[in-house]
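Here the structure comes first, spelled out in structure tokens, and everything after it is commentary.
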Amino acid sequence: MTVVTRFAPSPTGYLHVGGARTALYSWLVAKAAGGKFILRIEDTDRERSTQPAIDAILEGMEWLGLTWDEGPYYQTKRFERYEHYIQQLLNEGKAYKCYCSPERLETMREEQMARGEKPRYDGHCRDNPHVSGDRYVIRFRNPQTGTVAFNDHIRGPIEFANSELDDLIIARSDGTPTYNFCVVIDDWEMNITHVVRGEDHINNTPRQINILKALGAPVPEYAHVSMILGDDGKKLSKRHGAVSVMQYRDDGYLPEAVLNYLVRLGWSHGDQEIFSVDEMIRFFKLDDVNKAASAFNTEKLNWLNQHYMKSLPVAEVAKHLQWHFTDQGIDVSQGPALEQLIPIMAERVKTLKEMAQQSRYFYEEYDDFDADAAKKHLRLVAQEPLALVQRNLAALTEWTPASIQAAIQRSADELGVGMGKVGMPLRVAVTGTGNSPSLDVTLALLSQEQVVRRIERALSYIMERAQEQ
Ligand code: GLU
């Protein structure tokens with residue numbers, strides 16, 4: 001049997017981290033079994049479904065690398081199929097027309113609530129041949145006795161009494177099929193073997209199983225994934241920071257880090273923290289997924305992101321870093337190759353966004369020195385060391401980290417001062433800030449002429465300031 005799984009988002013918003021984790025788990029089940037992963041857009045709620053949301057979901061899935069083998073299917077394009085099966089159930093007496101007026105249903109509901117009962121349809125039209133009218137919905141004839149049981153891969157055995165379930169509406173009065181019915185038909189026609197979805201669907205599962213059985217369709221296996229909570233134990237929401245997957249891209253995270261983070265959010269394999277996608281596919285098991293809700297932990301995501309910035313092939317990181325430079329309007333065509341930049345910056349930042357922000361001086365002449373750094377280091381006392389190191393750097397015939405380091409050292413020695421007295425003014429002069437990777441590699445990534453020019457500018461700045469005082 002080919003394992004077939006699906007991700008079936010309702011396109012009412014962006015792809016959020018909870019959905020992405022469900023998609024990842026579902027994708028892993030298919031990949032591990034050499035099966036198929038299907039993307040299905042559940043867009044029957046036309047009021048709330050939007051094209052931008054569909055685009056955002058597809059973009060998020062693609063960015064994460066959760067490629068689908070089939071689809072995207074759209075439920076709104078499959079109404080004929082649903083109507084076909086509704087008719088079949090009607091013909092077989094497994095569904096019936098219900099003519100109850102909204103007023104009758106409302107009165108019934110109020111009475112049930114007043115008696116402290118759970119509101120449910122009382123079956124008025126179920127076996128009553130005398131009811132008729134122009135306006136009707138179609139209800140599924142749910143079994144009234146017995147139980148529906150399934151063995152959830154994450155939550156273990158779950159059982160519902162049929163007496164708890166009423167006769168579900170499967171078509172509205174305008175003839176359109178309802179959500180639970182569409183899911184059943186799709187899962188069946190798409191040969192889904194494993195339904196991996198959020199725990200908010202647990203109560204739908206017995207209803208769906210009953211309909212599948214009535215249709216003579218096989219019942220898939222189920223796994224209901226728990227919620228993701230914020231670090232304060234409350235349901236994860238915008239209050240906690242980013243919840244949209246694409247926001248993580250915008251904030252400078254690598255898809256590898258987000259995937260690794262998501263897979264561990266509720267699943268573990270010994271005490272291993274770092275998982276390549278191949279390892280995830282090899283080790284992931286639905287049965288090992290935690291049934292308790294998992295709490296989001298940004299520190300850990302940052303840690304993973306830094307790990308991947310340092311360890312992925314630089315060309316891969318460069319692709320994503322380029323996106324951030326473009327996003328920040330920094331033209332990197334003149335200046336060091338991103339492949340050279342990444343190894344020296346990765347240690348110093350948590351995200352690619354920060355990396356781009358903090359690397360601006362490699363590609364652009366800055367307008368101003370960082371105020372604090374200039375105040376501290378571009379003072380009159382720095383004039384002599386800066387002028388000397390400028391001369392020594394200008395005289396170099398070879399422009400490498402080693403020769404640059406030697407020139408800085410020689411300058412400090414000649415003045416009989418520590419390296420810091422030369423290094424700090426030099427750093428502010430060349431980068432505009434008091435914070436950069438070590439000077440030898442930083443300067444080596446710039447051109448000799450550029451460095452000499454920037455020191456010249458810092459010297460003028462010192463003179464101007466001195467005159468102002
Ligand atoms: N469309 C549903 C949702 O976005 C998922 C339904 C399912 O996976 O069965 O919550």
Side-chain angles (χ1 to χ4, degrees), residues 3-30 36-61 64 66 68 70-79 81-82 148 150 152-155 158 160 168 170 176-212 215 217-228 235-237 243-245 262 266 286 289 293:
V3 167
V4 185
T5 67
R6 69 348 181 245
F7 178 50
S10 304
T12 55
Y14 44 72
L15 177 61
H16 57 85
V17 288
R21 184 185 56 163
T22 304
L24 170 62
Y25 286 180
S26 186
W27 185 83
L28 287 172
V29 172
K36 218 162 51 174
F37 175 68
I38 293 180
L39 179 62
R40 180 168 85 217
I41 304 293
E42 304 206 318
D43 56 350
T44 50
D45 183 346
R46 290 185 198 244
E47 303 259 294
R48 295 178 63 224
S49 303
T50 66
Q51 189 59 43
I54 294 175
D55 296 341
I57 290 166
L58 301 184
E59 189 185 22
M61 296 285 286
L64 287 170
L66 299 179
W68 48 94
E70 256 184 43
Y73 291 111
Y74 294 87
Q75 287 188 325
T76 45
K77 300 209 176 115
R78 294 180 38 80
F79 276 152
R81 301 307 302 148
Y82 311 136
V148 203
F150 61 100
D152 193 281
H153 275 279
I154 299 173
R155 323 183 86 82
I158 298 182
F160 288 82
L168 184 76
I170 56 176
T176 57
T178 57
Y179 168 71
N180 272 300
F181 191 74
C182 300
V183 171
V184 163
I185 299 307
D186 288 348
D187 284 343
W188 179 27
E189 288 210 325
M190 295 171 194
N191 298 310
I192 304 298
T193 58
H194 294 69
V195 171
V196 181
R197 61 183 170 198
E199 66 175 356
D200 46 329
H201 290 285
I202 289 183
N203 289 333
N204 289 331
T205 304
R207 298 180 178 285
Q208 294 180 6
I209 292 177
N210 280 339
I211 301 175
L212 284 164
L215 289 162
V219 177
E221 297 183 35
Y222 292 93
H224 289 93
V225 184
S226 298
M227 261 195 313
I228 301 180
K235 189 171 182 218
L236 188 70
S237 72
V243 282
S244 135
V245 165
L262 290 177
L286 269 182
V289 172

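Read the numbers this way: they start at 1 and go in the same order the structure lists the ligands and their atoms.
- Ring pair His224/Tyr222 is parallel by interplanar angle, where below 30° counts as parallel and above 60° as perpendicular.
- Inter-residue side-chain proximity for Arg6 and Met190 is flagged as unmet; no heavy-atom pair is nearer than 4.5 Å.
- Phe150 and Phe160 have parallel rings, their planes meeting at less than 30° on a 0 to 90° scale where 60° marks the start of perpendicular.
- Protein residues having a heavy atom under 4.0 Å from any atom of ligand 1 are Arg6, Ala8, Pro9, Ser10, Glu42, Tyr179, Val183, Arg197, His201, listed by chain and number.
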| field | side chain to side chain contact (heavy atoms under 4.5 Å, CB included) evaluation trace for Arg78 with Ile185 | value | CA-CA 10 Å; Arg78 294 180 38 80; Ile185 299 307; 4.2 Å; yes
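- For Arg155, the salt bridge (charged side-chain N to carboxylate O under 4.0 Å, His left out) test picks out Glu199, with sequence neighbours left out.
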| task | Take Thr44 and Phe79 through the side chain to side chain contact (heavy atoms under 4.5 Å, CB included) test and state the conclusion after the steps. | result | CA-CA 9 Å; Thr44 50; Phe79 276 152; 3.9 Å; yes
